*Asks:* 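Sharing a structure, written as structure tokens. Questions coming.
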Amino acid sequence: MKIKNIAIIAHVDHGKTTVVDCLLRQAGVFAAHELEKVAERVMDSNDIERERGITIFSKNASVHYKDYKINIIDTPGHADFGGEVQRIMKMVDSVILLVDAFEGPMPQTKYVLKKALEQGHRPIVVINKVDRPGSRPEEVLYMVYDLFIELNANDLQLEFPVVYASGKNGYAMKELEDKSDNMQPLFETILEHVEDPEGDINKPLQFLITNLEYDNYVGKLAVGRIMNGSIKRNQEVMLIKRDGKMIKGKASVLYGYEGLKRVEIQEAFAGDIISVAGMEQVDIGETLADVNEPIALPVIDIDEPTLAMTFQVNDSPFAGKEGKFITSRNIWDRLQKELQTNVSMRVEATESPDAFVVKGRGELQLSILLENMRREGFEIQVSKPRVLFKDIDGVKHEPIELALVDVEDQFTGVVIEKMGIRKGEMVSMQPGTDGYTRLEFKVPARGLIGFRNEFLTDTKGSGILNHSFYDFEIYKGEIPTRPKGVLISLEQGKTIPYALNGLQDRGVMFLDPGVDVYEGMIVGEHNRENDLVVNVCKTKKLTNMRAAGSDDSVKLAPPRRFTLEQALDYVADDELVEITPVNIRMRKKFLKEADRRKNR
């Protein structure tokens, strides 16, 4: 059977998963009785992916078109999941670069495309959402050309085919003037421009492991591509580890992909993407080889982590009340399990048996791990994310992000000023036609920690901020931290409306009445730079002296609520985020005021 292997790459929310849905539907993957049950964004199978509308884990599917089997891999659009993207580029022979016909290329598009071009792939460009009001496909195409030139694409890569599409309405066209009601032009472009997989069936087996999955019946599955040779069910194979060590084993079960389903197969050949069960010691980036002629493939290089956070056992007064897994052993085992499938993450033990340092590619990657852990029943405390510096030739370097900001014209001044304070350097400024301006900055990664909340306040919620890792540059100097202090609870108890009302002049509250609090917990933001200890549990003294109107109902301003990412952004160096399956709380590292004074 002839095979084409292709990955789809795009920025978050440019319609990548919707286009994959269309390809699967029109290739007849779903039977008539299944079509009604098939959810939108069928490839986003994880709960968090569905809620946020983003792809976090790469997933495989395959479709049959004419006499070809097309393996499609849906890749994450965010640079924080770059470890996934770098592995996938080894599995495929080309990529579809999907760009929104209104927004154009975004920072994450740049990151993922850079990885594809470095592998020598020739992309197919799909300009999606051409039916969207305000779409500007011709303009966006020029922006894509500029991006290719900026990323040093070679002459062959610059001659990319272009397809215009509407994933939502299920059609694609080779020219904007064409009429179409299906995805056939995109299928034809894939057959015409994606190279057939290289690899010799007659050579000894070489299978590159690029992903791991788990099955309750057969255990660990090694997912990857057969580079050379062929593999049969129950065949003896040699696993070549990263350090060169060899382990003999058996490929007890082979799975291929038909549509979205894994199906058992008896044999597979060079060029195909399959899963192999039976080898429990496998890790990502290693090689399954011929048992008589074991030849290792090059190990996959993964970008280094740029951020670190300390994960520790929850020691707050409410510890153990809301979660099932609360010990350091539970947390350590869960982090080790994460390392098996997440190659861009590192976990290190610390001097304390109750704390571990977790290093990752970015805040989003670490917050997704925390969100998954709290849903699984873990209770955990984490520190503010901190940037990892790098020593290059004896000079301190730090990670720099490329930030793309879309704001209303009236807010450009305040955004440029705030970025300047955070050592941001403006790269470009493009006025739009719709009252919005697009600003591009190179800014230290630590300058963006805690910036999103401030940015949304400054732009009255109308600004859009996207950023991705750019490079390491020389250390830019000190950056001022959060400008305001916090209100800290004095005692343990429940918040009382009377007490909250009396504190409204002091700042913004984070909690509703009737919420359990403990000493040292952060309950609001102070109007001034210093922290203030307050009593949110104070009740009104009951006497029989009354003044007219004093018993009117208390009117409280709505509290400011925090998502997990916002809480991680908000906390200072001497604070922690307490994460449980039920609540996200912020607290001081030292709960008692006397201890805080001692450790200042």
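Every value quoted in this text rests on a predicted model; they were computed, and no experiment measured them.
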*Asks:* Whether Lys460 and Glu408 form a salt bridge (side-chain N of Lys/Arg under 4.0 Å from carboxylate O of Asp/Glu) is what I want to check.
*Replies:* no
*Asks:* Indicate yes or no: at least one non-hydrogen side-chain atom of Leu307 is less than 4.5 angstrom from one of Ile449.
*Replies:*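 Yes, close enough: below the 4.5 Å cut-off.
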*Asks:* In terms of the angle between their ring planes, are Phe389 and Tyr475 parallel, tilted or perpendicular, with boundaries placed at 30° and 60°?
*Replies:*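 The rings of Phe389 and Tyr475 stand perpendicular, inter-plane angle above 60°.
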*Asks:* Side chain to side chain contact (heavy atoms under 4.5 Å, CB included), that's the test. Do Phe451 and Leu465 meet it? Break it down for me.
*Replies:* CA-CA 10 Å; Phe451 177 62; Leu465 169 67; 3.9 Å; yes
*Asks:* So Val577 and Tyr570, side chain to side chain contact (heavy atoms under 4.5 Å, CB included) or not? Walk me through it.
*Replies:* CA-CA 9 Å; Val577 181; Tyr570 187 80; over 6 Å; no
*Asks:* So which atom in Val95 and which in Ala116 form the shortest heavy-atom distance, rounded to 0.1 Å?
*Replies:* CG2-CB, 3.9 Å
*Asks:* Hey, what do you get for CZ (Phe472) to NZ (Lys390), rounding to the nearest 0.5 Å?
*Replies:* 4.5 Å
*Asks:* Under the rule for ring pair (Phe, Tyr, Trp, His ring centres under 6.0 Å), what residues qualify as partners of Tyr498, not counting sequence neighbours?
*Replies:* none
*Asks:* Pair Lys589, Asp574 - check salt bridge (Lys or Arg N to Asp or Glu O under 4.0 Å), show working.
*Replies:* CA-CA 6 Å; Lys589 277 184 185 170; Asp574 65 336; over 6 Å; no
*Asks:* Set out, in order, the CA-CA distance, both residues' side-chain angles and the distance that settles ring-ring contact (aromatic ring centres under 6.0 Å, His included) for Phe311 and Phe378, then state yes or no.
*Replies:* CA-CA 12 Å; Phe311 285 41; Phe378 282 84; over 10 Å; no
*Asks:* Of the non-hydrogen atoms in Ile127 and Pro137, which two are nearest, and what is the gap between them?
*Replies:*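 Closest heavy-atom pair between Ile127 and Pro137: CD1-O, 3.8 Å.
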*Asks:* State, yes or no, whether a side-chain contact exists between Arg346 and Val357 at a heavy-atom distance under 4.5 Å.
*Replies:* no
*Asks:* Ignoring hydrogens, what is the shortest heavy-atom contact between Thr580 and Arg585? Give both atom names and the distance.
*Replies:*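 What the structure gives for the nearest pair is CG2-NH1, 4.2 Å.
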*Asks:* Could you check whether any side-chain heavy atom of Val415 comes within less than 4.5 Å of a side-chain heavy atom of Asp458, counting everything from C-beta outward?
*Replies:* no
*Asks:* Does any pair with a residue in residues 134-148 pass side-chain hydrogen bond (donor to acceptor under 3.5 Å, both in side chains), and if so which ones, sequence neighbours excluded?
*Replies:*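 side-chain hydrogen bond (donor to acceptor under 3.5 Å, both in side chains) check on residues 134-148 returns Arg136-Glu139.
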*Asks:* Just so I know, are the side chains of Pro385 and Leu366 near enough to count as touching, which here means a heavy-atom distance under 4.5 Å?
*Replies:* no
*Asks:* What are the two closest non-hydrogen atoms of Leu576 and Val571, and how far apart are they?
*Replies:*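 Here Leu576 and Val571 meet closest at O-CG1, 4.0 Å.
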*Asks:* Which pair of heavy atoms, one from Gln157 and one from Leu117, lies closest together, and at what distance?
*Replies:* NE2-O, 3.2 Å
*Asks:* Please evaluate residues Gln566 and Arg560 with respect to the criterion side chain to side chain contact (heavy atoms under 4.5 Å, CB included), reporting the C-alpha separation (whole Å), side-chain torsions for both, the decisive distance (0.1 Å), and the verdict.
*Replies:* CA-CA 11 Å; Gln566 286 169 339; Arg560 187 194 297 174; over 6 Å; no
*Asks:* Tell me, do Arg596 and Ile488 make a side-chain contact under 4.5 Å, heavy atoms counted?
*Replies:* yes
*Asks:* Quick one: does any side-chain atom of Asn154 pair with a main-chain N or O of Leu156 as donor and acceptor, under 3.5 Å?
*Replies:*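 Indeed, once roles are kept as given, a pair shorter than 3.5 Å links the two residues.
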*Asks:* With Glu575 as reference, evaluate Lys384, Lys588, Arg587 under the salt bridge (charged side-chain N to carboxylate O under 4.0 Å, His left out) test and give the passing residue.
*Replies:* Lys588
*Asks:* Less than 4.5 Å apart, any side-chain heavy atom of Val536 and any of Met509?
*Replies:*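 The answer is yes, as the side chains (C-beta and beyond) meet within the 4.5 Å cut-off.
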*Asks:* Where is the tightest heavy-atom contact between Gln504 and Ala557, given as atom of each residue plus distance?
*Replies:* OE1-N, 2.7 Å
*Asks:* Supply the atom-to-atom distance Glu440 CD to Arg438 CZ, rounded to the nearest 0.5 angstrom.
*Replies:*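 If I round to the nearest 0.5 Å, the distance is 8.5 Å.
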*Asks:* Are Leu487 and Leu532 close enough that some pair of their side-chain heavy atoms sits under 4.5 Å apart?
*Replies:* yes
*Asks:* Is Lys423 salt-bridged to Glu473, going by a charged N under 4.0 Å from an acidic O?
*Replies:*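 Result for this pair is no, no salt bridge flagged.
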*Asks:* Quick one: does Ile579's side chain get under 4.5 Å of Met373's, heavy atoms only?
*Replies:* no
